Amino acid sequence: MATDRYGNTLYACGPEGAEHLDRAVEALLFFRPEVTQAVADALAASPGSPDAQALAAYLGVLGTEHTGAAAARTRFERFLAGCDASALPERERLHLAAAGACLAGDLHGAGDLLEELSLAYPRDVLALFAGHQLDFLTGDAVRLRDRIGGALSAWGRADEHRGPLLGMYAFGLEESGHYRRAEETGLAAVERHPRDVWAVHAVTHVYEMQGRVAEGVAFLDGRADDWARGNYLTVHNWWHYALYALEAGAEETALRVYDAAVHPAESAGLAMELLDAAALLWRLRLAGREEPERWARLADAWAARADPPFYAFNDAHAVMAYVGAGRIAQAEALVADRRRWLAEGEGEGEGERRTLSNHAMTAEIGLPVCEALLAQGRGDHAAVVELLWPLRRRIQVFGGSHAQRDAVQRTLLESALAAGEHDRARLLLSERDGLRPDSPYNWLGRARLADAIGDAALAAVARERAVGATKGLMPTAPGLGVVPNSPR
């Protein structure tokens with residue numbers, strides 16, 4: 001019986017299948033597109049391999065594409081029909097159980113099973129990677145950190161793939177607020193593997209959360225050849241670059257990045273790419289900048305997907321696109337569909353209705369967020385505040401990162417200001433100031449609050465500070481020479 005490169009015995013897998021599995025897992029760790037072909041090769045060489053079947057199932061879910069999940073479910077159920085799972089070794093049984101839970105929509109249960117697997121088999125990289133991504137999709141920052149931290153002691157410093165584990169650990173540390181440690185760990189991972197785009201992403205998040213825009217831009221500029229094209233995180237890391245540009249007041253640079261890399265003409269229309277596009281344009285909209293043509297094209301892309309209830313975080317960004325494009329009726333239709341779905345109850349329906357985790361995520365956070373975004377589009381700022389205020393400290397429940405969810409937090413702040421909720425706006429700004437005291441966005445918010453309460457002197461000082469805070473944030477000509485004509 002073959003083993004993988006980490007020493008795990010591979011049941012019903014020959015040497016050729018093991019080679020393809022190793023190749024697939026390595027591609028997965030570094031977000032390389034060749035993972036798809038490598039998995040197909042592993043399945044062809046060893047169709048009875050539980051590891052290969054589980055990997056294919058995880059791929060079908062982690063991209064949050066309902067069509068990919070449906071195809072993966074069909075293949076997986078066909079495999080299970082001819083497999084006596086009770087006769088398998090423990091590690092393989094747990095993988096199949098976790099994969100089945102994923103495909104049934106129980107992301108939290110799958111994460112629990114993979115944690116149990118990692119307890120006994122801490123050198124199973126597939127379990128660690130899949131579990132880490134599930135923790136991200138469900139917004140569990142503590143487990144995002146500790147799942148990897150708990151396994152690291154089983155990996156020697158000379159282990160080749162300790163590097164990508166450090167990149168994952170860095171992201172968990174960042175999302176848990178351990179910024180200094182996250183930066184150190186992420187940079188160590190990048191030093192080991194410069195093309196570790198998840199580690200690059202983790203360090204980029206650290207600079208974003210601390211308001212270290214100039215350092216973040218310099219970090220990405222200096223490594224553009226390693227991250228800026230040819231991987232599954234290309235769009236997302238360009239999105240981070242655009243966020244830096246927005247914070248620096250360089251809106252035109254942000255839009256150049258948007259057109260060239262975030263939502264170019266040749267966009268494949270994947271949900272994870274479209275949500276970055278929506279989140280970027282939404283921030284511009286909150287700042288008073290309308291982009292009707294860009295919004296229209298993005299709304300068309302979301303509409304073409306015709307997504308059923310599958311992942312609440314995606315739904316919120318689809319609503320952003322419809323509202324941004326002025327298509328209130330489409331936003332209302334999506335919200336009404338999710339309300340009907342929740343009323344029908346969870347769990348036992350056919351097809352895409354089997355989404356247990358998403359049911360809870362939609363009910364608790366996703367639907368109220370969608371309703372708030374719709375209210376914002378109607379100009380009903382009091383309703384936005386009423387909907388989002390109770391959620392603001394638990395919004396992580398529907399997934400995403402702090403940086404991604406900040407679009408919703410900014411929506412709350414902007415509506416509090418617009419609704420004349422001065423005490424709430426002051427509190428929200430004070431919270432933001434404590435984390436990023438030099439943020440130009442925060443200073444502009446203070447200026448608007450000062451205007452609202454009639455303190456002209458304070459408003460003038462805040463605007464001056466906002467302008468001063470942007471100086472030097474985007475070195476040289478912002479983004480020039482780095483933003484590609486064709487990033488793929």
Side-chain angles (χ1 to χ4, degrees), residues 60-61 63-73 102-108 137-139 269-279 281-282 285 295-380 383-384 386-388 390-391 395 397-400 404-405 407-408 411:
V61 173
T64 72
E65 296 287 336
H66 68 93
T67 53
R73 184 183 305 122
C102 274
L103 292 169
D106 185 6
L107 305 186
H108 297 86
L137 293 179
T138 56
L270 298 175
M272 285 194 170
E273 298 182 357
L274 295 183
L275 72 84
D276 281 342
L281 290 185
W282 189 259
R285 184 179 184 277
W295 275 123
R297 194 166 69 85
L298 182 59
D300 287 345
W302 277 108
R305 294 177 54 82
D307 288 328
F310 189 72
Y311 185 47
F313 197 68
N314 292 352
D315 291 343
H317 290 82
V319 170
M320 285 182 193
Y322 296 143
V323 170
R327 301 179 187 178
I328 300 300
Q330 282 182 279
E332 289 174 336
L334 190 153
V335 168
D337 179 77
R338 299 316 186 248
R339 282 201 199 106
R340 284 193 300 270
W341 178 65
L342 290 176
E344 291 170 2
E346 64 176 305
E348 299 303 327
E350 290 298 318
E352 307 309 331
R353 299 280 175 185
R354 297 184 295 180
T355 47
L356 309 181
S357 291
N358 188 51
H359 193 280
M361 293 158 76
T362 301
E364 293 178 35
I365 304 295
L367 183 58
V369 167
C370 288
E371 291 171 333
L373 296 168
L374 183 53
Q376 206 277 347
R378 295 183 181 126
D380 188 352
V384 175
E386 183 178 357
L387 285 160
L388 293 185
L391 307 182
I395 198 170
V397 168
F398 86 145
Q404 289 175 306
R405 295 187 298 265
V408 180
T411 301

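Since this is a predicted model, take the numbers as computed values, not measurements. Here, residue 1 is the first one in the sequence, and each next residue gets the next number.
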So CD of E344 and NE2 of H359: to nearest 0.5 Å the spacing works out to 8.5 Å

Regarding R285 and the six-membered ring of W282, is the cationic atom NZ or CZ under 6.0 Å from the ring centre and inside 45° of its axis?
yes

Compare every heavy atom of L103 with every heavy atom of A69, then report the nearest pair and how far apart it is.
O-CD2, 3.8 Å

CG of L387 to OG1 of T411: how many Å apart, nearest 0.5 Å?
12.0 Å

How far apart are the closest heavy atoms of A383 and A375, and which atoms are they?
CB-CB, 4.0 Å

Between L274 and G269, the two heavy atoms sitting closest are CD1-O, 3.6 Å

Mind checking whether W302 and D307 have side chains closer than 4.5 Å, heavy atoms only?
yes

Just so I know, are the side chains of L107 and V61 near enough to count as touching, which here means a heavy-atom distance under 4.5 Å?
yes

Straight-line distance of L388 CG to I395 CD1, nearest 0.5 Å:
6.5 Å

Supply the atom-to-atom distance D315 CG to L275 CG, rounded to the nearest 0.5 angstrom.
11.0 Å

Can you run down the ring pair (Phe, Tyr, Trp, His ring centres under 6.0 Å) pairs that involve residues 320-340, sequence neighbours left out, and say none if there aren't any?
none

Give me each pair satisfying salt bridge (charged side-chain N to carboxylate O under 4.0 Å, His left out) with a member in residues 321-333, each pair once, sequence neighbours excluded.
D300-R327, E332-R378

If you compare all heavy atoms of A312 against all heavy atoms of G366, which two are closest, and at what distance to 0.1 Å?
CB-CA, 4.0 Å

Got D337 and R339 here, is their nearest side-chain heavy-atom distance under 4.5 Å?
no

Exercise: identify the closest heavy-atom pair between R405 and G399:
NH1-O, 3.3 Å

Under a 3.5 Å distance rule, please check whether R338 uses its side chain to pair with a backbone N or O of L367 as donor and acceptor.
no

Side chains of R305 and E65 in contact at under 4.5 Å (non-hydrogen atoms)
yes

Heavy-atom count check: over 12 atoms from other residues, nucleotides or ligands less than 6.0 Å from Q330 CD?
yes

Between atom CD of Q376 and atom CE of M320, what is the distance when rounded to the nearest 0.5 Å?
10.0 Å

Using a 4.5 Å cut-off on heavy atoms from C-beta on, say whether the side chain of H108 contacts that of M361.
yes

So F398 and L391, do their side chains get closer than 4.5 Å, heavy atoms only?
no

Do you know the tightest heavy-atom contact between T362 and P368?
O-CD, 3.8 Å

Any residue meeting side-chain hydrogen bond (donor to acceptor under 3.5 Å, both in side chains) with D380, in chain and number order, not counting sequence neighbours
none

